Amino acid sequence: MREGAPHGAAMVATALERDGELAGHHGIRIARALTDVATAGADPVSLGYYAKAVVTRAYRRGYHEAAQSMAQAAAELPDDQLFEHLLVIGRERRTASRRLIAVRAAEI
């Protein structure tokens, strides 16, 4: 608010994520609380849009987690396990992609 920037829930979440405040268990709790506050008292029409936004954020967060997992695997796993690890992550991301497409297509 001091910067004159928009300060709705989405902008607050973006600023917190940018500053690393949504990482780890504490960050998950902050994100959940922000979502709860943002959707409290929301009219039924808006709630569907909020749900789509939450799924979209989770989708993107999954890619951050996948990248971290691959970086850790590259440092720790034996060579013969790296490709299988990548395949597992790829399958998870494909499932998430299909879920995102379905949610966006849903009439909410």
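For reference, positions follow the sequence shown, starting with 1. Side chains are part of it too, since the values below use all heavy atoms of this structure and drop only hydrogens, waters and symmetry mates. Keep in mind the model is a prediction, meaning the values are calculated, not measured.
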Nearest-0.5 Å distance that lies between atom CZ in R93 and atom CZ in R99: 7.5 Å
Listed partners of E76 passing side chain to side chain donor-acceptor pair (under 3.5 Å), at least two apart: Q72
Partners passing side chain to side chain donor-acceptor pair (under 3.5 Å) against S69 (at least two apart in sequence or in another chain): H85
Steps toward side-chain contact (heavy atoms from CB on, under 4.5 Å) verdict (V88, R91): CA-CA 5 Å; V88 168; R91 289 181 196 111; 4.2 Å; yes
Contacts table for residues 16-26: side-chain donor-acceptor under 3.5 angstrom, sequence neighbours left out:
none

Partner residues of R98 under the salt bridge (charged side-chain N to carboxylate O under 4.0 Å, His left out) criterion, sequence neighbours left out: none
Pairs flagged by side chain to side chain donor-acceptor pair (under 3.5 Å) wherever residues 53-64 is involved - sequence neighbours left out: Y59-Y63
Side-chain hydrophobic cluster, 4.5 Å single linkage: members besides L87: M70, F83, L86, I89
